[in-house]
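Shown next, in structure tokens, is the structure this report addresses.
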Amino acid sequence: MAADSLEVLLDDRPVGTITALGGDRSIFAFDDAYADDPNRPTLSLSFKGEHGGLLREHNPTQTRLLPFFSNLLPEGSLRAYLAKRAGVKPVREYPLIEALGPDLPGAITIKLAGESVTGDEDDLPDEDLAHRRSPEKPLRFSLAGVQLKFSAVQKARGGLTIPASGKGGDWIVKLPSVRFHGVAANEFSMMSLAREMGLDIPDIELVPLDQIEGLPEGIGRIEEDAIATRRFDRTTGGGRVHIEDFAQIFGVYPDDKYEKGSYLHIAKVLWLETGEAGVREFIKRLVFNALIGNADMHLKNWSLVYPDGRTPQLSPGYDFLSTTLYIPDESAGLKFARTKRVAELTMDELAYTAAKAGAPEALARDAATEMVDRFHEVWARERAHLPISRDLEAEVERRLGVVPLAAAGRARRSRP
């Protein structure tokens, strides 16, 4: 049976309460102490009013939570798996976030109202845990995303262990796809290229499945490696760093992550909140993902991180891979400013997007030019040293003939 109310904590500080109203309805309210503190840490830009104040009034929701909290929960296969272990229907978000609250993305934790922060079962000796846990007890972690991902700790010998509670992990393990061949190698290669091109990319590794212990039952065995990414919402000492994705920022439910937003909207937020540095990195990532054929850069694949708890920065990049290798798509994950077609992504379109966002056109042109030139240089040098299949290499080469920006780069280099 679900609790009557859940306490929401941001880096162990109470910020509000989600209260069950009956009939699968719930409502979120801020704590007065948090709301009245002028130096309070940022929970989400979605709660920021037009004049910078905190939006304190929120309507009840049915079945789902407010979009900010809904986006903390996993999607697709992982949600179904964890909901089954928790004994709840995947659509019922209040009991699901109650079950998964101890290890949500970023610095958010959710617990039963009145429950002590200390004395958690994960502090008990292993022999006591064996008696406390039943086979039906839900795994205590939640990582937003469609692919199966699990919090993991890196072992001294180089393998990865998935802790049953999900706590203490500073890596995310993405298991191989049962539908598409070579996804892990694809993502590892594209993320490696991005890092070589100077983009902000976390540490990544390809990991054989036999080096991963504690895989949940029913996952199956696939003869491919997994990919492990170091979590940028965790510190090396096990601390939490607050993050939020742009679906949370825009108050959009995960189902609408492709529709209710655009790269122009993201650029506007980045210009207002992060200035030139954020917009420059954003433009570079847009160009890179267009060139490799990543048609899946939706709202949840862009995030802000709050290293000091209050000031946002564009998070490191993640989920960079060539999706058009598997699903042909000549559109981007979101609309730019005037078009969604990658074949219409010109320098003028990027400059127009920046200008409409309030940023200088020259900033977009400089960032795009730098990335295109760098891409051709690094692609020619590094592709032979990465686990890039012939099909993937051919797809990237095809994209370089489709995206107008790539052709512009070739034209510059051919001039005497």
Side-chain angles (χ1 to χ4, degrees), residues 5-19 21 25-62 64-73 93-94 97 104-110 144 233 240-257 259-279 282 299-300 302-315 334 337 353-354 356-359:
S5 60
L6 303 173
E7 188 172 8
V8 179
L9 298 98
L10 177 57
D11 202 17
D12 294 332
R13 174 178 177 172
V15 299
T17 303
I18 305 173
T19 302
L21 302 176
R25 296 170 69 245
S26 63
I27 190 168
F28 171 72
F30 283 108
D31 284 356
D32 289 340
Y34 171 82
D36 295 338
D37 182 0
N39 297 314
R40 62 181 173 267
T42 303
L43 179 62
S44 172
L45 295 182
S46 65
F47 297 121
K48 185 176 180 179
E50 183 178 351
H51 302 292
L54 187 68
L55 297 175
R56 299 185 62 164
E57 300 296 324
H58 306 285
N59 294 324
T61 56
Q62 179 77 41
R64 296 191 294 189
L65 302 170
L66 289 177
F68 174 81
F69 298 105
S70 180
N71 279 285
L72 293 172
L73 296 168
E93 294 189 343
Y94 184 96
I97 208 166
L104 297 168
I108 295 290
T109 54
I110 292 179
D233 65 337
R240 298 169 183 261
V241 181
H242 190 44
I243 60 171
E244 63 173 329
D245 63 43
F246 273 84
Q248 292 174 295
I249 292 167
F250 294 147
V252 171
Y253 283 107
D255 290 347
D256 295 319
K257 62 189 176 185
E259 305 300 330
K260 295 185 177 179
S262 68
Y263 297 130
L264 169 57
H265 294 144
I266 293 175
K268 282 183 178 180
V269 172
L270 290 175
W271 181 248
L272 289 172
E273 300 289 344
T274 70
E276 179 177 336
V279 174
F282 173 69
L299 291 178
K300 291 187 69 63
W302 300 91
S303 292
L304 294 179
V305 61
Y306 295 83
D308 65 359
R310 298 189 65 190
T311 309
Q313 300 175 9
L314 184 63
S315 80
L334 297 170
T353 301
K356 294 293 286 184

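Just so you know, these numbers use all the heavy atoms, side chains as well, and skip hydrogens, waters and symmetry mates.
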Legend entry - Side-chain (Trp271) to main-chain (Ala357) donor-acceptor, under 3.5 angstrom: no

Inset, instruction - Decide side-chain contact (heavy atoms from CB on, under 4.5 Å) for Thr61 and Tyr94; before the verdict, give the C-alpha distance in whole Å, the side-chain angles of both, and the deciding distance to 0.1 Å. - result: CA-CA 10 Å; Thr61 56; Tyr94 184 96; over 6 Å; no

Legend entry - Residue pair Gln248 / Ser44, side-chain donor-acceptor N/O under 3.5 Å: no

Inset, instruction - Indicate yes or no for a side-chain donor-acceptor contact from Gln313 to the backbone of Pro307 under 3.5 Å, with no hydrogens or angles considered. - result: no

Legend entry - Minimum-distance pair of heavy atoms, taken over all atoms of Asn71 and Ala247: OD1-CB, 3.5 Å

Legend entry - Test side-chain contact (heavy atoms from CB on, under 4.5 Å) applied to Arg240 and Thr109, Leu10, Asp233, the passing residue: Thr109

Legend entry - Heavy-atom closest pair, residues Tyr34 and Leu43: OH-N, 3.3 Å

Legend entry - Those residues that, when tested against Asp308, pass side chain to side chain donor-acceptor pair (under 3.5 Å) (two or more places apart): Thr311

Legend entry - Any residue meeting side-chain contact (heavy atoms from CB on, under 4.5 Å) with Glu50, in chain and number order, not counting sequence neighbours: none

Legend entry - Ion pair check, Asp32 and Arg56, cut-off under 4.0 Å: yes

Inset, instruction - Return the minimal non-hydrogen interatomic distance between Pro38 and Asp36, and the atom names on each side. - result: CD-O, 3.3 Å

Inset, instruction - For residues Glu273 and Lys48, report the shortest heavy-atom separation together with the two atoms involved. - result: OE2-NZ, 2.9 Å

Inset, instruction - Kindly write out the residues that satisfy ring pair (Phe, Tyr, Trp, His ring centres under 6.0 Å) with Phe47, not counting sequence neighbours, or none if the list is empty. - result: Phe28, Phe30, His58, Phe68

Inset, instruction - Please examine the side chains of Phe246 and Leu270, heavy atoms only from C-beta on, and report whether any two atoms are closer than 4.5 Å. - result: yes

Inset, instruction - Look up atom NE2 in His265 and atom CG in Leu334, then write down how far apart they are to the nearest 0.5 Å. - result: 10.0 Å

